[in-house]
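Numbering of ligands and ligand atoms starts at 1, following listing order.
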Amino acid sequence: MPTPIGHALGGIAAGAMILRDPTTITSVARRRLSILATFALLGMLADIDFLVFSPHRHATHSLVVGGLIGIMGMAVLPGKPLIWMSGSAAYLSHVFLDWLGADTVEPIGIMALWPFDEGHYQAPISLFLPVCRQYWLLDCWLSIGYAVSYELLIVGPFALAAVLLNRRWR
Ligand SMILES: [Zn+2]
């Protein structure tokens, strides 16, 4: 499973790829940085269950919840479908990246189809390194640093491209 940094980059990549015209949300956020920060937060949001629920990677890692984020956007910002979709995409990037990540804690995988299916899903090939949780060990922090570097190399270019390829963001 990627670190919060990898998830933040994933949220930026997915959200900025869809929201081609940031001027549509000037009433919400007047600066580009705050829009990107919102995408980054949405990309990390699913792991809030780490603080509240056990086991981790349950309902918040569901495609249904990603859809609900868009529906909540409809209520908050009516008539702005690109914002709804970009918010959902930023959130769902988390589900996608976790699905691609190496999981070492039982139950393995994410409940992507909850509440329709309580199975845990994981990609057959892990793209991201497992994240060490033995924070009291120096080796753990070295491992986390290596995992973050790896995520910057894999997800970082997508986030950068999503922002830079859109000329309206400049
Ligand atoms: Zn997660």
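- Listed by chain and number, the residues in a side chain to side chain donor-acceptor pair (under 3.5 Å) with Thr3 are Glu151 (sequence neighbours excluded).
- Between Asp98 and His7 the shortest side-chain heavy-atom distance falls below 4.5 Å.
- Not a single donor-acceptor pair under 3.5 Å links the side chain of Ser86 to the backbone N or O of Leu19.
- In this structure, the side chains of Asp47 and His61 come closer than 4.5 Å at one or more pairs of heavy atoms.
- Judged as a ring-ring contact (aromatic ring centres under 6.0 Å, His included), and not counting sequence neighbours, the contacts of Trp114 are His58.
- Listing protein N, O or S atoms at distances below 2.8 Å from the Zn ion (ligand 1), with waters left out, gives Asp47 OD1, His61 NE2, His94 NE2, Asp98 OD2.
- Sorted pairs that involve residues 81-90 and meet salt bridge (Lys or Arg N to Asp or Glu O under 4.0 Å), not counting sequence neighbours, are lacking altogether.
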